[in-house]
There are 2 protein chains.
Amino acid sequence: MMTFSEENYLKAIYHISDRSEGDISTNAIAEQMNTKASSVTDMVKKLSEKELIHYKPYKGVELTQEGKLMAANIIRKHRLWEVFLVEKLNFTWDEVHDVAEQLEHIRSEKLINQLDAFLGFPKRDPHGDPIPDKEGNISNYADVLLATLGKGEKGIIVGVKDSSSSFLKYLDKQKIALGKKIKVLDKEPFDNSMKIRVNKEEFMISQQIANNIYVKK
Amino acid sequence: MMTFSEENYLKAIYHISDRSEGDISTNAIAEQMNTKASSVTDMVKKLSEKELIHYKPYKGVELTQEGKLMAANIIRKHRLWEVFLVEKLNFTWDEVHDVAEQLEHIRSEKLINQLDAFLGFPKRDPHGDPIPDKEGNISNYADVLLATLGKGEKGIIVGVKDSSSSFLKYLDKQKIALGKKIKVLDKEPFDNSMKIRVNKEEFMISQQIANNIYVKK
DNA sequence: TTAATTTTTTAGATAAGCCTAAAAATATAT
DNA sequence: ATATATTTTTAGGCTTATCTAAAAAATTAA
Ligand SMILES: [Mn+2]
Ligand SMILES: [Mn+2]
Ligand SMILES: [Mn+2]
Ligand SMILES: [Mn+2]
């Protein structure tokens, strides 16, 4: 039986693998988990004992097939609950994460599958992140960062990379939301800021903003 | 901040006070919680420290106003989640308790109030137990046990005292459900078993069964 | 290729929540 | 009132998940 802490470590490792290549360092996990490296070493031994990760001292870790499946399952629950909170309980997309962090640990196969059905088998969560299926498969969308679009290119907003409350609130303020059409009207070579059009309104955004918005061309 | 364990103890104490008078003994709590008396003593000290219970060594415990409110709030969450599982996710009434035991610990004011609204502010859970409001008030229904009805008396089934899966499954088998009309056709003085009519069908039930069904006359 | 730096692991503590066994207090029976 | 039985608390351990400080290994720089 998995403890909450073990589940959180698995999820952290999964997320790190998602954005980097090769073995995952103790320090990387410590940073992601907001703990100390020594705590990570302890946990990593336990997870390795349970064959959820491959672990070679000093060499980093990697999820096993079983570990990957478990992590995907936690993420599946997290994201389905986020959909539930937004679609059924009128939460805004910047309010859901903390509650989902709790709900993702609820153990009940039936619960999560019924929830999935109740929500109409959603493919993405409120931030545009894909929802793994029961087998842990995640659809791979060909989304690109808004920052990669050049002058004149168009797309539809499908996700955000940064899901922090402050960033999401900024997007709300600018009325930038998932599903909206966006066009790059101009791009400033000096700082890569761009002038965009959304909702028939035109305004400037910095590269930092553009680097955290996914669009489908 | 409350731990899950602290919450479970509060709830246990609340439930015991509900069915008995006066101070609550260490052993009673140990039995309810399925732990040892020594563990209870430890926890009782901690809850007393936090002023959630009054505790006099060797004299038993009693919830403070604050403790009572907290316990009622956990029970509120438990029962609202049970309603959700049955009403929205097609769980049966014998499947919901264990999942609700987990869900009751999720911390989010907004979540529980929105859930309440989403469910249409239900007054009772799937077992007929009343759902406390935000202030911890529980409606006091004038329900009586079916066993107290005499020959010829009629009522409507409004709740069950025993929510064990085995009892609920027995009721399902006999098609005895909340909201059904019931009439005591005959009562055997020797063992207090009774012949009843539900769903236009007539059959016998033992006193033990009748003692676990609440009816409204 | 040594020396300095960084990363990782180990050693030893701490807190929560549980346990068993023994001691102390309370309740019951003779 | 004293002995016996029951209940409750205390004492001492164990496990999980943390931490700090020190040691060991690996990496980087000179
Ligand atoms: Mn999230
Ligand atoms: Mn998300
Ligand atoms: Mn229940
Ligand atoms: Mn119930």
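Reminder, nothing fancy here: chain letters follow the sequence lines and each chain counts from 1.
One finds no side-chain N or O of B:K36 lying less than 4.0 angstrom from the OP1 or OP2 phosphate oxygen of C:dC18. Distances shown here put a side-chain N or O of B:S39 below 4.0 Å from the OP1 or OP2 atom of C:dC19. Residue A:T41 places at least one side-chain N or O closer than 4.0 Å to OP1 or OP2 of C:dT9. For D:dT8, neither phosphate oxygen OP1 nor OP2 lies less than 4.0 angstrom from any side-chain nitrogen or oxygen of B:Y55. OP1 or OP2 of C:dT10 has not a single side-chain nitrogen or oxygen of A:S38 nearer than 4.0 Å. For C:dC18, the OP1/OP2 oxygens have a side-chain nitrogen or oxygen of B:S5 closer than 4.0 Å.
In this structure, B:R124 is positioned above the aromatic face of B:Y141, its NZ or CZ under 6.0 Å from the six-membered ring centre and within 45° of the axis.
Rounded to whole Å, the distance from CD on B:E6 to P on C:dA15 is 15 Å. Taking atom CG of residue A:D42 and atom P of nucleotide D:dT15, one finds them 14 Å apart after rounding to whole Å.
Of the candidate nucleotides D:dC19, C:dT9, C:dT26, D:dC19 has the atom lying nearest to any side-chain atom of A:T35. Checking D:dT9, D:dT7, D:dT18 against the side-chain heavy atoms of B:N27 singles out D:dT7 as nearest.
Paired with A:L52 under the rule side-chain contact (heavy atoms from CB on, under 4.5 Å), one option of A:H54, A:K50, A:E49 passes, and it is A:K50.
B:L89 and A:Q114 make their closest contact through O-NE2, 2.8 Å (heavy atoms, listed as atom of the first residue, atom of the second, distance).
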